[in-house]
Peer 1: 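The structure under discussion is supplied below as structure tokens; questions concerning it will follow.
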Number of protein chains: 2
Amino acid sequence: MSETIGKAASSADAGNAGTISDREIHLGPLENYIGFYLRLAQNASFKAFKRHTGEGDLRPGWFAILSLIGGNPGITPIALSRASGRDKSTITPVLRDLMRIHLIARESVPGDRRSYALSLTPAGKEKLARLSEHAARHDAELDALVGGRKAELLALLRRIAAEID
Amino acid sequence: MSETIGKAASSADAGNAGTISDREIHLGPLENYIGFYLRLAQNASFKAFKRHTGEGDLRPGWFAILSLIGGNPGITPIALSRASGRDKSTITPVLRDLMRIHLIARESVPGDRRSYALSLTPAGKEKLARLSEHAARHDAELDALVGGRKAELLALLRRIAAEID
DNA sequence: TATTGTTATACTCTATAACTATA
DNA sequence: TATAGTTATAGAGTATAACAATA
């Protein structure tokens with residue numbers, strides 16, 4: 001019924017008369033809200049991911065995009081935006097950055113002059129490989145936490161991602 | 001091995017020769033990354049929450065804060081920041097906003113002149129009650145999706161939130 | 001008319017660092 | 001010295017709306 005988040009639980013209780021100390025916080029309804037813990041978990045995971053990769057030169061949003069282009073040479077920006085679950089307007093600047101440092105290349109597509117096909121450059125492939133190592137290590141950490149219930153967790157998260165909204 | 005996110009799966013295939021269409025996107029390693037789906041699920045949940053409440057006058061970050069103050073009258077900003085898993089510097093502006101529209105009140109605490117105790121005003125309690133209805137409806141939607149596995153999902157998310165980082 | 005991609009703009013969440021006033 | 005709170009600043013993620021080019 002009473003809980004504290006993260007490391008704060010172990011901090012000392014100041015023992016003030018009328019003040020609520022860390023140790024006795026009531027989360028109330030929040031405690032059973034999936035949305036609340038989804039935010040906490042995602043935030044923690046994001047921070048850990050940045051720590052694992054950010055020391056180098058990765059920007060957090062890049063990995064999924066590079067990975068999708070690497071796995072789908074010729075993919076268009078619009079398909080990319082759908083696959084990554086973001087609006088197309090958020091893809092443009094990422095692609096611009098990746099182009100600027102020559103990790104990806106664009107090529108016009110014969111059938112449709114509005115669009116273009118994306119692919120990784122050799123440097124992009126190298127970078128993706130390096131990032132993948134970091135990402136794999138990161139996800140291994142998550143895997144260790146969820147133990148044998150990873151498949152179920154993924155299934156639930158996928159369902160939430162797909163069916164809500 | 002092949003998957004598409006969200007509603008894009010049902011969009012028409014343009015049938016262009018060299019282009020990757022929505023229907024055939026390979027997520028690759030991403031498909032088994034907890035972090036990837038954590039982001040998608042959290043984002044979907046967040047959008048749905050905004051849709052449920054945002055029509056009114058709620059700002060997304062407010063609910064958790066109001067809820068924590070409501071459940072812990074006299075709580076201090078620093079305890080609030082720990083309970084909500086955010087840095088103290090992110091709490092200040094939220095409290096300022098909530099003060100400005102008179103949903104919360106502050107009172108000095110006898111033992112420590114650096115800090116102060118927070119509580120909901122009558123208007124704050126009313127607002128929290130109204131928001132709680134929206135939030136409950138939102139979480140009920142999530143509950144329906146996860147069915148009988150809510151307890152396990154919460155346990156896993158809590159563990160990720162607490163032990164990563 | 002609808003779609004692809006870009007741009008402009010804005011909002012939210014979050015953090016770090018430097019500061020003050022206390023403790 | 002260490003902690004509570006504030007401020008300034010910055011960065012990531014995301015979205016909407018309006019636009020040009022093309023379908």
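Below, chain A is the first sequence line, B the second, and so on; all start at residue 1.
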Peer 1: Nearest nucleotide by nearest heavy atom, which residue falls closer to the 5' end of DNA chain C, B/Thr90 or A/Thr90?
Peer 2: A/Thr90
Peer 1: Send over the distance from A/Leu98 CG to C/dG5 C1', rounded to a whole Å.
Peer 2: 16 Å
Peer 1: B/Arg106 side chain N/O closer than 4.0 Å to the phosphate oxygens (OP1, OP2) of D/dA4?
Peer 2: no
Peer 1: Measure CD/B/Glu107 against P/D/dG5 and give the value in whole Å, please.
Peer 2: 14 Å
Peer 1: Please enumerate all protein N or O atoms sitting under 3.5 Å from an N or O of nucleotides 9-13 of chain D, with distances to 0.1 Å.
Peer 2:
from, atom 1, to, atom 2, distance (Å)
D/dG13, OP1, A/Gly61, N, 2.9

Peer 1: Taking A/Ser67 for the side chain and A/Ala64 for the main chain, is one N or O donor matched with an acceptor at less than 3.5 Å?
Peer 2: no
Peer 1: For D/dA15, take OP1 and OP2 only and decide whether either is under 4.0 Å from a side-chain N or O of B/Lys47.
Peer 2: yes
Peer 1: For nucleotides 18-23 of chain C, give me one character per nucleotide, 5' to 3': B if any protein heavy atom sits under 4.0 Å from the base, S if the only such contacts are to the sugar-phosphate, - if neither.
Peer 2: ---BBS
Peer 1: Tell me the interatomic distance from B/Ile65, atom CD1, to D/dG5, atom P, rounded to whole angstroms.
Peer 2: 13 Å
Peer 1: Of all residues at least two apart in sequence or in a different chain, which pass the salt bridge (Lys or Arg N to Asp or Glu O under 4.0 Å) check with B/Arg114?
Peer 2: B/Asp112
Peer 1: Check the distance between D/dT14's C1' and B/Gln42's CD and give it to me in whole angstrom.
Peer 2: 11 Å
Peer 1: Once salt bridge (Lys or Arg N to Asp or Glu O under 4.0 Å) is applied, do any residues pair with A/Asp143, and if so which ones, sequence neighbours excluded?
Peer 2: A/Lys150
Peer 1: Side chain to side chain donor-acceptor pair (under 3.5 Å) with A/Asn32: which residues, sequence neighbours excluded?
Peer 2: none
Peer 1: In whole angstroms, how far is the P atom of D/dT7 from the CG atom of B/Leu95?
Peer 2: 12 Å
Peer 1: With sequence neighbours excluded, tell me which residues meet side chain to side chain donor-acceptor pair (under 3.5 Å) with B/Ser132.
Peer 2: none
Peer 1: For B/Arg106, enumerate each residue passing the salt bridge (Lys or Arg N to Asp or Glu O under 4.0 Å) test, keeping only those at least two apart in sequence or located in another chain.
Peer 2: none
Peer 1: What I want to check is whether an N or O donor and acceptor connect the side chain of A/Ser115 with the base of D/dT22 at under 3.5 Å.
Peer 2: no
Peer 1: With sequence neighbours excluded, what pairs up with A/Thr90 under the side chain to side chain donor-acceptor pair (under 3.5 Å) test?
Peer 2: A/Arg86
Peer 1: In whole angstrom, give the distance that lies between atom CD1 of A/Ile91 and atom C1' of C/dG5.
Peer 2: 11 Å
Peer 1: On the nucleotide D/dA21, are OP1 or OP2 found under 4.0 Å from the side-chain N or O atoms that A/Tyr116 carries?
Peer 2: no
Peer 1: So, OP1 or OP2 of D/dT6: does either fall under 4.0 Å of a side-chain N or O from B/Thr92?
Peer 2: yes
Peer 1: Taking only residues two or more places apart in sequence or in another chain, which ones pass salt bridge (Lys or Arg N to Asp or Glu O under 4.0 Å) with A/Arg100?
Peer 2: A/Asp97
Peer 1: Locate the shortest heavy-atom distance separating B/Ile91 from B/Ser84; write the atom from each residue and the value.
Peer 2: CD1-OG, 3.9 Å
Peer 1: Round to the nearest Å and state the distance from A/Asp87 atom CG to C/dC11 atom C1'.
Peer 2: 14 Å
